[in-house]
Amino acid sequence: PSLIDDGKTGFLFEPGDTEELAARVRCLVDDPPAARAMAAAARAEAERWGWEAATTRLREEQYVQAARNHRERQRDVRTLRQKIKRYRDSMFRGSRADV
């Protein structure tokens, strides 16, 4: 997820587009209440990503995904072991059938 919600917690623009950057800054200079509202929203978003919040998210979301990935890899390893066993069994029997 992006930390910047364009127009709410900041502005997004193409890197190097100085005209767009200047226009966005002008908007904030010309409208101090909007600038204060954006600053407050940006701060609230940044606080959501403090150390405690980030580690909580890591623990709750990323750990679950890591465990899921691990289970899938283990399933792949078991499948590979089964294929190798079938191949060895077929070689022992002298069969060249598709394993």
Side-chain angles (χ1 to χ4, degrees):
S2 176
L3 294 176
I4 299 181
D5 183 0
D6 192 31
K8 183 177 178 189
T9 60
F11 291 122
L12 298 174
F13 53 91
E14 290 296 320
D17 188 347
T18 55
E19 290 181 21
E20 182 67 18
L21 172 61
R24 300 294 187 137
V25 170
R26 248 190 317 292
C27 286
L28 295 174
V29 170
D30 292 345
D31 191 353
R36 284 191 293 277
M38 184 177 283
R43 179 165 184 108
E45 180 66 17
E47 287 173 351
R48 283 189 44 216
W49 292 96
W51 179 252
E52 186 175 330
T55 55
T56 297
R57 179 165 184 217
L58 175 68
R59 188 175 54 247
E60 290 175 355
E61 295 178 21
Q62 299 299 320
Y63 181 78
V64 170
Q65 182 62 42
R68 186 177 304 125
N69 291 345
H70 176 73
R71 282 191 304 272
E72 288 174 11
R73 282 192 304 272
Q74 291 303 310
R75 187 173 28 249
D76 290 345
V77 167
R78 284 190 299 272
T79 301
L80 179 60
R81 286 182 183 147
Q82 291 168 352
K83 287 180 181 180
I84 290 170
K85 182 180 182 323
R86 285 195 308 264
Y87 175 77
R88 286 182 179 157
D89 291 348
S90 70
M91 293 305 288
F92 179 74
R93 290 188 308 266
S95 170
R96 296 219 180 246
D98 183 23
V99 291

Exercise for review: Kindly write out the residues that satisfy side chain to side chain contact (heavy atoms under 4.5 Å, CB included) with Ala35, not counting sequence neighbours, or none if the list is empty.
Suggested key: Leu28
Review point. Between Thr9 and Ala41, which heavy-atom pair has the shortest distance, and what is it?
Key: CG2-O, 3.6 Å
Check your understanding: Got a salt bridge between Asp17 and Arg24, using NZ or NE/NH1/NH2 to carboxylate O under 4.0 Å?
Key -> no
Check your understanding: Is there a side-chain contact between Arg86 and Ser90 (heavy atoms, below 4.5 Å)?
Key -> no
Practice item. With rounding to the nearest 0.5 Å, note down the distance linking CG in Leu21 to CZ in Arg26. Key: 9.5 Å
Check your understanding: Which heavy atom in Leu12 sits nearest to a heavy atom in Asp6, and how many Å separate them?
Key -> N-OD1, 2.8 Å
Exercise for review: Measure the spacing between CG of Asp89 and CD1 of Ile84 and express it to the nearest 0.5 Å.
Suggested key: 12.0 Å
Check your understanding: Got Phe11 and Glu20 here, is their nearest side-chain heavy-atom distance under 4.5 Å?
Key -> no
**Study point:** Distance-only donor-acceptor check, side chains Arg71 and Gln74, under 3.5 Å
**Key:** no
Exercise for review: With rounding to the nearest 0.5 Å, note down the distance linking NE2 in His70 to OH in Tyr63.
Suggested key: 9.0 Å
Review point. Above 12 or not: heavy atoms from other molecules or residues under 6.0 Å from CD of Gln65?
Key: yes
Check your understanding: For the atom pair CG (Asn69) and CD (Gln62), what is the distance rounded to the nearest 0.5 Å?
Key -> 9.5 Å
Review point. So does Glu72 pair up with Arg68, basic N to acidic O under 4.0 Å?
Key: no
Revision key, fill the gap. The reported gap from CE in Met38 to CD in Glu45 (rounded to nearest 0.5 angstrom) is 13.0 Å
